[in-house]
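The next block holds one structure in the form of structure tokens; read it before the comments.
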Number of protein chains: 2
Amino acid sequence: MQISSRFTIAIHIFSCINTFEGEYKITSYFLASSIQVNPVIIRKLLGQLKEAGLIEVKRGSGGASLAKAPSEINLLDVFNAVESLDDGKLFHFHENPNPDCPVGRSVHPVLDGRLEQIQRAMEKEMQSISLEDIFKDTNKYLEQNSHS
Amino acid sequence: MQISSRFTIAIHIFSCINTFEGEYKITSYFLASSIQVNPVIIRKLLGQLKEAGLIEVKRGSGGASLAKAPSEINLLDVFNAVESLDDGKLFHFHENPNPDCPVGRSVHPVLDGRLEQIQRAMEKEMQSISLEDIFKDTNKYLEQNSHS
DNA sequence: CTTTGTTGTAACCTTTCTTGTTACAACTAT
DNA sequence: ATAGTTGTAACAAGAAAGGTTACAACAAAG
């Protein structure tokens with residue numbers, strides 16, 4: 001199964017804050033129209049990102065903004081904020097290997113470390129990409145594709 | 001969302017073949033009792049592993065065996081055999097970013113490469129682990145935990 | 001050539017998760 | 001007070017995982 005679109009939507013949210021902050025108020029409706037999903041989906045995501053200390057959201061008057069510098073937020077922070085992995089584990093292990101079978105007994109001790117190793121490789125790569133990187137790429141793309 | 005247990009079950013299947021080949025006939029019932037899931041689940045997985053050219057399964061008489069040397073099969077092969085990612089992509093991208101919004105327009109060109117980069121890191125790590133490695137670890141574990 | 005054990009597959013079910021939707025109380029600035 | 005928001009509850013549809021029963025097709029052995 002694929003990782004849910006909450007991750008890419010969250011990054012889209014950050015990009016909108018970066019590009020439109022000051023110019024527009026970044027409300028759930030504004031974001032919903034750029035991402036083209038329901039505003040309530042956005043609000044739930046904003047809640048998760050706020051919970052994780054990545055953004056601030058104003059009640060009543062409305063509007064989202066960054067809680068940290070873009071260089072201080074990496075894609076793993078975003079991923080962990082919106083993608084709740086059961087027990088923090090990327091891989092779902094079958095629940096009841098038979099302890100009366102040698103293989104059933106050894107499969108956890110043998111595999112757990114390997115699965116962690118794979119997950120860490122993914123997480124390390126996510127960690128190496130900051131929102132600053134994404135924002136730079138976005139700005140570059142927009143410059144190149146705006147003048148004539 | 002977590003990656004389905006088909007992956008760890010598949011590795012468990014291979015370990016059983018390694019440990020019990022010759023001694024027992026590796027049927028879906030035998031595997032089901034070690035893994036403690038329904039035999040039909042196993043048969044579907046055996047079908048996927050066979051389809052991918054990783055194992056051979058005897059109809060009628062029954063029994064599964066490796067189609068290649070353990071050193072020739074790595075965890076990415078197993079993962080790809082049993083985990084059908086939509087379009088081969090680990091991350092599900094939100095479907096309809098608004099092309100009339102600068103951010104909506106740039107989010108795909110900016111992110112696609114990054115997501116691929118993250119997925120490749122995971123795949124590379126999977127590729128670096130062969131069934132031979134797993135089998136060695138299993139044998140070592142079983143030796144250490146058998147003689148008093 | 002019948003029996004037995006097995007695979008391959010269809011059909012169905014339950015749970016869980018994602019995504020989408022409406023509704024509305026609580027809140028804040030004007 | 002009003003208007004525009006957020007936060008949340010409640011619900012629904014769809015997909016996927018995991019489970020289960022049933023059975024035809026098959027292969028080896030008596």
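Keep in mind that the numbers below use all heavy atoms, side chains included, and drop hydrogens, waters and symmetry copies. Throughout, a chain's letter reflects where its sequence line sits, starting with A, and its residues are numbered from 1.
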Tell me whether the side-chain N/O atoms of A/Ser4 come closer than 4.0 Å to OP1 or OP2 in C/dT19.
yes
Check this for me, if you would: do A/Arg114 and B/Asp137 make a salt bridge, where the nitrogen-to-carboxylate-oxygen distance has to be below 4.0 angstrom? yes
B/Tyr24 OH to C/dG5 P, in whole Å, measures 18 Å
To the nearest 0.5 Å, atom CD1 of A/Ile35 lies from atom CD1 of A/Ile41 at 10.5 Å
Minimal heavy-atom distance between B/Phe91 and A/Phe79, with the atoms involved, is CE2-CE1, 4.4 Å
CD of B/Gln127 to CE of B/Met122, rounded to nearest 0.5 Å, is 11.0 Å
Heavy-atom closest pair (A/Ile26 atom, A/Glu21 atom, distance to 0.1 Å) is CD1-N, 4.1 Å
When rounded to the nearest 0.5 Å, the distance separating CZ of B/Arg105 from CG of B/Asp100 is 7.5 Å
For A/Gly104 and B/His12, the nearest pair of non-hydrogen atoms, with its separation, is CA-CE1, 3.8 Å
The correct set of residues in residues 35-48 of chain A placing a heavy atom under 4.0 Å from DNA chain D is A/Val40, A/Arg43, A/Lys44
dist B/Ile3:CD1 -> B/Leu85:CG (nearest 0.5 Å) comes out at 7.5 Å
For B/Asn74 and B/Leu76 the tightest heavy-atom approach is OD1-N, 2.9 Å
Q. How would you label the contact of B/Gly60 with the nucleic acid (heavy atoms, under 4.0 Å): base, sugar-phosphate, or nothing?
A. base
When A/Ile9 and B/Ile26 are each assigned the nearest nucleotide of DNA chain C, the 5'-most assignment goes to B/Ile26
Within residues 78-101 of chain A, those residues having any heavy atom closer than 4.0 Å to DNA chain D are A/His92
Note: chain B reaches DNA chain D at heavy-atom distances under 4.0 Å over the stretch, first to last nt, 5' to 3', of D/dA17 to D/dA28
Does A/Lys25 reach the main-chain N or O of A/Ser61 with its side chain, forming a donor-acceptor pair under 3.5 Å? yes
